Amino acid sequence: SSTGTSSTTSSAVPTAADGSTLISAERCQQNRAAGKITFLTSYVFAASVGILDVVAADQLGYLKALCLDVELQPGSTNAQLVSAGTAQIAGLGSASDVMVARASDAKNLQSIATYGNQGAIEILTMGDSGINSLADFAGKTVGYKVAISAQFSAMFKDNGVDPSTINWVSVGFDPQILPDGQVQALGAFKSNEPNVLRNRGYDVKEWDPEDYGVRSTFNTQVVNTEWGKAHPTAVEDFLRASFKAYDWINASDANLDTALGWAKDRSEAGYDLAMSKLRWQTEVKLVKDSQPAGLALGQQSEDQWKPEADALVTYKLVPSAPSITDSQNNSFIDAIYGSDGTLIWPAP
Amino acid sequence: MSALTTTTPRRADRTSTGRRLGELAAPLVFFVLLALAWQWTAYHNRSLIPPIQAMVTDLSSRPDYYLAQLWETLQSALIGLVIGVSIAFALAVGIVHVRALRTAVMPVALLINVTPIVAISPALIVAFGFTRTPHIIVVAIVVFFPMLINATVGLSSVDPQAMDVFRTLSATKGDVLLRLRLPSSLPFVFAGLRLSASTAMLGAIISEFTGTSKGMGASIMLATSYLNLAQMWSMIFLSALTSLALLGLVAVAERMVIRW
Amino acid sequence: MSALTTTTPRRADRTSTGRRLGELAAPLVFFVLLALAWQWTAYHNRSLIPPIQAMVTDLSSRPDYYLAQLWETLQSALIGLVIGVSIAFALAVGIVHVRALRTAVMPVALLINVTPIVAISPALIVAFGFTRTPHIIVVAIVVFFPMLINATVGLSSVDPQAMDVFRTLSATKGDVLLRLRLPSSLPFVFAGLRLSASTAMLGAIISEFTGTSKGMGASIMLATSYLNLAQMWSMIFLSALTSLALLGLVAVAERMVIRW
Amino acid sequence: MTTSPADRHGIAVAVRGVEKHFTTRGSSLHALSGIDLDVPEGRFVTLFGPSGCGKSTLLRILAGLEASDAGEVELYGQPPAAASARKEIAWIPQTPALLPWRTVRENARLSADVNRTADRLGGSQRVPLDPDELLAALGLEAFADARPDQLSGGMRQRASIARGFAQGAPLMLMDEPFSALDELSREAAQLTLVELWERYRKTVVFVTHSAAEAVLLSDQVVVMTPRPGRIHAVVDIDLPRPRSSRLEETDEFAALVTHVKHTLRSGWQAAE
Amino acid sequence: MTTSPADRHGIAVAVRGVEKHFTTRGSSLHALSGIDLDVPEGRFVTLFGPSGCGKSTLLRILAGLEASDAGEVELYGQPPAAASARKEIAWIPQTPALLPWRTVRENARLSADVNRTADRLGGSQRVPLDPDELLAALGLEAFADARPDQLSGGMRQRASIARGFAQGAPLMLMDEPFSALDELSREAAQLTLVELWERYRKTVVFVTHSAAEAVLLSDQVVVMTPRPGRIHAVVDIDLPRPRSSRLEETDEFAALVTHVKHTLRSGWQAAE
Ligand SMILES: Nc1ncnc2c1ncn2[C@@H]1O[C@H](COP(=O)(O)OP(=O)(O)OP(=O)(O)O)[C@@H](O)[C@H]1O
Ligand SMILES: Nc1ncnc2c1ncn2[C@@H]1O[C@H](COP(=O)(O)OP(=O)(O)OP(=O)(O)O)[C@@H](O)[C@H]1O
Ligand SMILES: [Mg+2]
Ligand SMILES: [Mg+2]
């Protein structure tokens with residue numbers, strides 16, 4: 001924590017690194033009343049959107065300057081932890097994850113921001129695998145992480161391939177099993193595994209559900225519903241700080257390197273800086289390329305989630321059609337943007 | 001003789017019926033209290049644990065799903081159990097005959113026993129692919145140590161005086177093994193089998209966290225990610241009950257085999 | 001008398017030096033063979049296991065990192081061990097005095113023992129937050145059962161004839177517990193402690209797979225996701241060696257306490 | 001066995017009509033039947049009989065370690081539990097049953113360490129003896145600080161006897177304390193016990209299945225027969241005291257041993 | 001003990017200059033020193049002495065269960081291992097050591113089930129006996145199909161003796177087989193053994209620390225003294241055969257028992 005440590009007393013409004021005040025005394029009081037906030041990343045301290053920007057917001061002192069006491073934790077069972085109130089804010093993979101969680105036992109959470117408006121996942125095959133169409137997947141072994149995504153099922157089913165003819169196997173996070181031949185195809189993040197494998201000199205082919213008409217999203221931040229209602233300013237200012245940091249990272253290559261250095265410090269070991277940089281850049285591009293007209297970064301709408309909600313019903317991952325309205329709480333994200341769609345900085 | 005006190009009959013006789021009732025009642029009362037505490041917690045924190053009726057409903061609404069996962073896991077558990085226990089027993093036979101084998105095998109066995117197997121299981125999948133093999137190996141590893149220790153102790157724990165009789169008869173090593181060591185070891189072997197049987201399902205489930213989409217372990221993983229608490233905890237309880245059933249089977253087998 | 005054969009001296013005397021050397025050599029040879037097999041596999045399949053020198057290099061290049069994770073995990077393991085073992089022992093004391101307690105506690109203890117704890121640990125984090133508490137609880141649960149069983153058996157395994165002496169003296173329950181049951185139970189308690197100590201680190205590591213970014217478990221998880229084989233396997237071996245060291249400590253304590 | 005009116009001691013142990021059954025897995029065993037017995041104070045009385053005739057069971061009932069099904073037991077006019085609460089019964093079991101974590105001296109002191117409330121009760125007939133004095137009398141002074149596992153079997157049994165005497169209880173109950181010793185150590189132990197007893201004159205009920213041992217030690221031998229356990233006869237042993245190893249080679253001694261054995265055999269045949 | 005030239009039997013057991021040391025944790029114990037012994041064929045010889053004098057050690061050396069440090073042992077002119085390989089030694093241990101998973105009959109048959117190559121060797125002096133006949137002779141016919149845990153201690157010891165005799169070995173080695181029995185069962189077992197032995201006339205080396213048992217059973221009693229274990233004297237027992245329980249009440253018997261005990265005591269005093 002190199003910056004933003006100017007204030008240690010609880011009553012005074014802290015100032016940012018440049019000495020300016022970022023928040024009113026009254027709002028600062030409200031944010032402090034929220035107490036300690038635990039934020040869970042969606043996947044360790046990876047260089048992903050919704051993670052690296054929060055790390056940077058913390059390191060840059062934005063969070064503290066906005067009178068927020070946030071502890072960052074690598075996530076695990078995020079939906080459960082947020083719904084139970086053990087954590088207050090967390091990242092989830094996509095809008096689908098939010099709706100599935102709400103349909104099961106994590107009813108007590110809502111989405112507060114959606115970063116990407118296209119899917120971030122895809123299937124990889126080796127370039128010379130002889131798999132040239134979706135139909136060729138029948139009978140092949142396909143690795144997935146944790147659970148088979150609805151996007152994959154939809155991609156196959158919408159194009160006339162019965163997903164149950166595929167031999168799905170749950171795999172770890174090492175993509176090497178694809179070139180080693182243990183699986184013929186591998187569920188992957190667009191921003192990670194293709195880069196890793198290409199960097200190792202392999203020729204891989206990508207099967208993007210978006211290309212087959214499957215619409216989805218990636219990285220939504222969720223909040224514990226009651227806690228969010230009780231502390232709206234804290235939620236708003238958390239998002240405000242993240243998105244300010246998001247812009248800061250993208251402002252220069254040097255800033256990105258600095259942010260990656262912070263993530264690496266938190267990861268202690270094994271953090272591949274080059275791959276991580278590529279990962280961030282890929283994801284930012286995915287976010288930018290899919291930004292719907294009229295919506296600012298992170299803003300979400302019913303239309304945007306509709307295709308995923310429909311797919312969940314189609315593939316019976318939820319018992320009944322989920323209410324998108326109830327799944328989203330847009331009051332926070334909408335409050336941090338001005339009428340011109342620019343981030344309100346500093347906080348009121 | 002009036003000062004002589006009439007001694008009371010043995011307490012065990014007087015209250016044996018009452019005591020037997022008490023023995024049944026105590027665990028029942030305790031289980032009921034536990035169930036109440038469970039329900040209170042479930043209603044208090046909806047995303048921590050599911051209420052009991054949610055598990056019952058889920059189990060009874062799709063028994064074939066649960067049975068299919070159970071059967072999948074049970075197969076790995078049983079095959080791994082048989083393999084691990086057999087290798088351990090064979091090694092124990094070697095150990096009691098070749099002293100050097102003991103000093104060679106035991107440190108390694110001890111090391112394996114204190115290694116976090118769950119961390120190794122991804123490597124096994126890399127090595128053996130997406131077959132049942134890695135899951136069987138994990139089970140075999142976790143059941144190996146208790147059986148090795150118990151079989152070694154059992155095969156060595158022969159009545160020395162009976163051993164003297166065999167030795168004066170110049171009994172062959174095979175005679176001693178078959179007619180003395182093996183039957184003598186049975187109580188220990190069954191004790192080891194009980195320990196092994198209670199970890200076999202655990203090993204299978206942990207190994208199924210990766211490398212498969214079938215079985216109770218995969219189902220628990222899936223339920224965790226979809227936060228399907230009813231499914232998750234039904235599986236957990238089902239696996240615990242299956243382990244208890246395995247333990248019961250071992251106990252029955254023991255009573256049938258050891259009749260002396 | 002020429003036909004009388006000279007009996008050979010006892011073999012143990014003749015070859016005791018040779019045998020002792022053999023006892024040292026056997027595990028060494030075995031370990032060297034294992035190391036060679038490891039290296040061969042490591043070079044054969046680069047993404048399966050790391051070569052030994054990669055682990056040594058990683059360990060020696062940042063010993064403080066490893067020590068910090070080790071210390072983090074060891075704290076949870078030791079605190080959990082002390083708590084779990086103490087509760088188990090206290091319950092065992094209750095069980096040998098109150099029969100109903102036995103029938104109430106034992107089935108539940110058995111059930112917990114066959115429950116996949118790794119599946120429960122997320123719920124503990126939900127319940128107790130991102131503190132050391134859930135990790136300590138996992139350790140306490142996994143070390144609980146062996147100590148409960150061994151302490152119960154130990155506290156019950158008093159020489160019945162010594163018990164008769166105490167009873168004719170109208171010794172109080174406290175006398176019997178302190179002066180007879182407790183010392184009699186010590187060999188069993190230490191046997192239980194050995195079992196418990198060998199699982200304490202495993203429990204701590206497994207619990208650290210979720211809910212923390214510190215400790216060996218978190219480090220193994222991180223290494224898995226970044227495919228840092230050297231870190232992953234260094235941690236695995238470090239944890240196994242730490243468990244062995246704990247076992248050694250228990251053995252030393254046992255020899256210091258049980259002097260009869 | 002009736003108390004002779006000439007006996008100037010009181011009655012230490014009075015048993016009337018004691019019955020005992022054991023029920024194991026449904027089948028019942030009549031272990032003791034119609035036991036009547038008076039042991040005057042300061043007498044050495046031995047229960048003698050074959051294995052399974054109920055000697056240990058009777059002794060355990062006297063000590064309050066086992067409850068009878070019917071009948072009455074009184075020690076110094078009170079139930080066994082009362083005597084036990086005042087630590088007035090010294091129990092010397094078949095095995096030495098020393099506590100292995102205590103030194104020999106600490107073992108001999110055991111009775112002082114437990115049930116301390118008894119020490120505050122008035123009216124006790126107990127006169128605790130100095131453990132070291134007893135260990136010396138039993139030839140164990142050099143081993144007072146040793147742990148039991150450093151002693152031979154015979155020495156351990158002597159330490160157990162020291163523990164019993166150190167308690168200073170007026171009544172001592174001994175259940176075959178020498179049966180695990182080899183013949184030669186056993187003879188030495190018997191002579192030591194005779195000597196100690198002649199010095200302190202406690203009331204002793206002793207159990208054995210050795211006729212020679214019974215005759216050597218006792219004032220009276222109670223001959224028991226099995227199925228169900230009964231008192232067949234009481235043989236008075238009118239050998240002079242103090243007794244020594246030379247006594248065993250006398251014809252009188254041999255005749256009494258033969259007589260005790262015959263008494264047992266006749267009781268057995270009568271029972272069958 | 002020298003073989004008399006008049007003896008028409010050969011020498012079954014010949015021992016010359018046997019020495020034995022035990023080393024435990026550094027300290028060495030001289031267990032046997034200068035043992036010379038000849039046992040003629042068909043004789044019942046007893047090793048008698050106090051605990052720790054090396055009786056068991058000597059018997060184990062004869063059986064080949066223990067190796068001596070020096071000296072020579074020969075059974076029928078060959079080393080113990082050769083006799084053992086032909087199953088010509090029957091070993092009857094201190095505990096019955098029956099296999100609990102076998103019935104009494106199966107236990108008695110044990111020698112036929114192991115080391116089957118010995119059955120094909122020629123020149124054996126072994127004459128296996130019918131287990132059922134032996135069980136009948138020992139009063140166990142009704143228990144032939146019972147498991148050992150259903151038997152009393154005395155019956156188990158008889159079953160162990162049946163196993164030894166069934167082997168039909170010319171040499172029988174018995175290490176205190178009756179020491180765990182109570183006095184009365186013990187006497188019955190002794191008489192059964194006397195009877196069986198008088199019927200089959202095997203060469204027996206028997207170990208005991210009971211002088212009466214040694215005198216009742218033996219042709220010769222070898223008196224041993226400890227520290228180090230030595231043969232102090234050999235006492236010939238010239239009591240008539242067949243022997244019965246009545247013999248024990250004769251003066252001759254009592255005199256021999258006293259003599260044996262005295263011999264031991266004098267040896268002990270000499271050793272100290
Ligand atoms: N706790 C018990 N439960 C069932 N039966 C018992 C119990 N204690 C003793 N018996 C039986 O009661 C009978 C008498 O036993 P007891 O121990 O009093 O005999 P004993 O004369 O002391 O024999 P021994 O000389 O072998 O010690 C025996 O048949 C024995 O099996
Ligand atoms: N395996 C052994 N290791 C060390 N010392 C031994 C061993 N076997 C016997 N001894 C010692 O050798 C001596 C003789 O023992 P042995 O068993 O032959 O005596 P024993 O005459 O049979 O005595 P007992 O009548 O008690 O059976 C004893 O001091 C004993 O402690
Ligand atoms: Mg008895
Ligand atoms: Mg012996």
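Naming convention: chains lettered A, B, ... in sequence-line order (proteins, then strands); numbering from 1 in each chain. Just the heavy atoms: all of them, side chains too, but no hydrogens, waters or symmetry mates, feed the values below. Keep in mind the model is a prediction, meaning the values are calculated, not measured.
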Ranked by heavy-atom pairs below 4.5 Å to chain C, first place among V105(B), T41(B), I112(B), I120(B) goes to I120(B)
Across all chains, not counting sequence neighbours, the side-chain hydrogen bond (donor to acceptor under 3.5 Å, both in side chains) partners of Q231(B) are R62(B), Y65(B), S219(B), N228(B)
Test side-chain contact (heavy atoms from CB on, under 4.5 Å) applied to I95(B) and L148(B), step by step: CA-CA 10 Å; I95(B) 279 173; L148(B) 180 72; 4.1 Å; yes
Correct closest heavy-atom pair for G84(C) and F144(C) would be O-CD1, 3.9 Å
In short, A197(C) meets V250(C) closest at the heavy-atom pair CB-CG2, 4.0 Å
Bottom line for L48(C): the part with an atom under 4.5 Å from chain B's heavy atoms is both
The interface call for L246(C) against chain B, heavy-atom contacts under 4.5 Å, is neither
Taken in chain and number order and not counting sequence neighbours, the residues that satisfy side-chain contact (heavy atoms from CB on, under 4.5 Å) with T224(B) are T77(A), I220(B), M232(B)
Sequence neighbours excluded, the answer for side-chain contact (heavy atoms from CB on, under 4.5 Å) partners of S239(C) is P116(B), M201(C), I205(C), M216(C)
Winner by heavy-atom pair count (cut-off under 4.5 Å) against chain B, out of [options]:
{"options": "G203(C), A119(C), A104(C)", "result": "A104(C)"}
{"options": "T115(C), L202(C), L110(C)", "result": "L202(C)"}
{"options": "V118(C), L111(C), V126(C), V108(C)", "result": "V108(C)"}

*Is it true that a side-chain atom of N150(C) and a backbone atom of P146(C) form a donor plus acceptor pair closer than 3.5 Å?*
yes
**T73(B) (side chain) donor-acceptor with L70(B) (main chain) under 3.5 angstrom** = no
Honestly, the part of I117(B) sitting under 4.5 Å from a heavy atom of chain C is neither
Any chance the side chains of H135(B) and S76(B) put a donor and an acceptor closer than 3.5 Å? no
Residues of residues 30-38 of chain C with a heavy atom under 4.5 Å from any heavy atom of chain B, in residue-number order, are F30(C), F31(C), L34(C)
